[in-house]
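Report on the structure given below.
If you're wondering where the values come from, they're calculated on a predicted model, not measured in any experiment. A note on names: the letters A, B, ... follow the listed sequences, proteins ahead of strands, and every chain is numbered from 1.
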Number of protein chains: 2
Amino acid sequence: MTEPSAVRTAGDASDPAEPAYGALDPAELTRLRLAVARLNRRLTQAAGGQDLTAAQLSALARIEQHGPLRLGELATREQVAAPSMVRTLAPLTAGGLVGKEPDPQDGRSWLITLTPAGGELIARLRQERSAVLSRRAARLSPEQSEALLAAIPVLELLAEEPGWAPRA
Amino acid sequence: MTEPSAVRTAGDASDPAEPAYGALDPAELTRLRLAVARLNRRLTQAAGGQDLTAAQLSALARIEQHGPLRLGELATREQVAAPSMVRTLAPLTAGGLVGKEPDPQDGRSWLITLTPAGGELIARLRQERSAVLSRRAARLSPEQSEALLAAIPVLELLAEEPGWAPRA
DNA sequence: TATTGTTATACTCTATAACTATA
DNA sequence: TATAGTTATAGAGTATAACAATA
């Protein structure tokens, strides 16, 4: 889904002749940072947590997207520490939403899979949670919706791009 | 706590009464939701937390922007419960970053103000934190930067708009 | 010895409920 | 009695450190 090819690998940022022509200034970045933090807070609260927590849903979505994954691999992709993923998955395995099969390649590992029940649940929850956002988004002007839509891939890129945390 | 408003609306997610002229479809909204959650996670981690936490910085920025505020007012604007704001502010007052002056209008209230030290600190931190985001943003193409820039006000709108959580 | 997953522990952010002081 | 703020407690999400089993 993320098109890494879209990233402009244009010469190192050490190019003084190009003071980042398309770049955002610090004030704009601050606004983006605060907006993302606050919107996330809003979405997390609105999620209600009746069924799955945000971290659980995110993990499920990741499993669904990338198929069977080892726990460590899943943790890396979600960019959390392994113990965090253990805790996130625990209620999911207990509830039969994900399965843990022994990794035939490595006796220490498990392959985390999405069960049919898990697949059904995330499909339902996804719709429910997006509905909250949808009610807000429906009030946006066409121009605002357009702007938001165009920014989604960029936000995904920023979110997925490695190199943020001193990981590894 | 949260009335299952978020969950219950699943059935009528596509309210025909809402024209949804410029509306985004559920798949796009899901991507936006996950991207916001994950980007926030990235930014929170990258912040390091050596000085101020994300919630503290957000509160400081709010105080800076809106001048002296009463605690409850601040909590409302940040859309958190009053006790959460108490906890957020405690280290800030202890550290001399914000001041609490008695509200001359109401003996029960305080006016939360930004001290000079607080102002200096957030200016510095703001720069540091934005720098992290900046390094990523600098690699965006002009088109991507443009898209992100255009979306900032929309994200702010979604984040600030009331009506998300069932806030009594 | 190195790696994978787990358990133990701790800290932040958030919430609700119960309490104090003031209106 | 109602409201502003505080304290107490709990749960989610994250982390690091120490451990067991396996490579």
Taking A/Arg41 for its side chain and B/Glu78 for its backbone only, find out whether a donor-acceptor pair lies under 3.5 Å. yes
Just the rounded figure in Å: distance from C1' of D/dG13 to CZ of A/Arg41. 15 Å
May I ask you to decide if B/Asp25's main-chain N or O and B/Glu28's side chain share a donor-acceptor pair within less than 3.5 Å? yes
Heavy-atom check, side chain of A/Leu97 versus side chain of A/Leu52, under 4.5 Å: yes
In whole angstrom, what separates A/Gln56's CD from D/dG11's C1'? 12 Å
Quick check against the 3.5 Å criterion: does B/Arg38 have a side-chain atom that pairs as donor or acceptor with the backbone of A/Ser58? yes
B/Leu111 CG - D/dA4 P separation (whole Å): 13 Å
Check whether the side chain of B/Arg87 and the base of C/dT14 form a donor-acceptor pair under 3.5 Å. yes
Which residue lies toward the 5' end of DNA chain D, A/Thr88 or A/Gln105, if each is placed at its nearest nucleotide? A/Thr88
Nearest whole angstrom, please: distance from the P of C/dT12 to the CG of B/Asn40. 17 Å
Same cluster or not: B/Val86 versus B/Leu89, using hydrophobic residues (I, L, V, M, F, W, Y) connected whenever any side-chain heavy atoms lie under 4.5 Å apart? yes
Whole angstrom is fine here: how far is it from CG in B/Leu57 over to P in C/dC13? 11 Å
Does one hydrophobic cluster hold both A/Leu32 and B/Leu34, with members joined at side-chain heavy-atom distances below 4.5 Å? no
Note the angle between the end axes of the helix from C/dT1-D/dA23 to C/dA23-D/dT1, five pairs defining each, rounded to 10 degrees. 10°
Rounding to an integer number of Å, can you tell me how far B/Asp103 CG sits from D/dT3 P? 17 Å
For the pair made of CD in B/Glu78 and P in C/dA15, what is the distance, rounded to whole Å? 11 Å
Kindly give the heavy-atom pair with the smallest separation between B/Ala151 and A/Ala151, and that separation in Å. CB-CB, 3.2 Å
Quick check on D/dA15: is either OP1 or OP2 less than 4.0 Å from any side-chain nitrogen or oxygen of A/Ser84? yes
Tell me the closest heavy-atom pair linking B/Pro104 and B/Leu111, and the distance in Å. CD-CD1, 4.1 Å
What residue pairs, at least two apart or across chains, pass salt bridge (Lys or Arg N to Asp or Glu O under 4.0 Å) with a residue in residues 104-119 of chain B? B/Arg70-B/Asp106, B/Asp106-B/Arg108
Distance in angstrom units between A/Arg38 CZ and C/dT14 C1', rounded: 16 Å
Protein N or O to nucleotides 4-6 of chain C N or O, pairs below 3.5 Å:
residue, atom, partner, partner atom, Å
C/dT4, O3', A/Ser109, OG, 2.7
C/dG5, OP1, A/Leu71, N, 3.4
C/dG5, OP1, A/Ser109, OG, 3.0
C/dG5, OP2, A/Gly72, N, 2.8
C/dT6, OP1, A/Lys100, NZ, 2.5

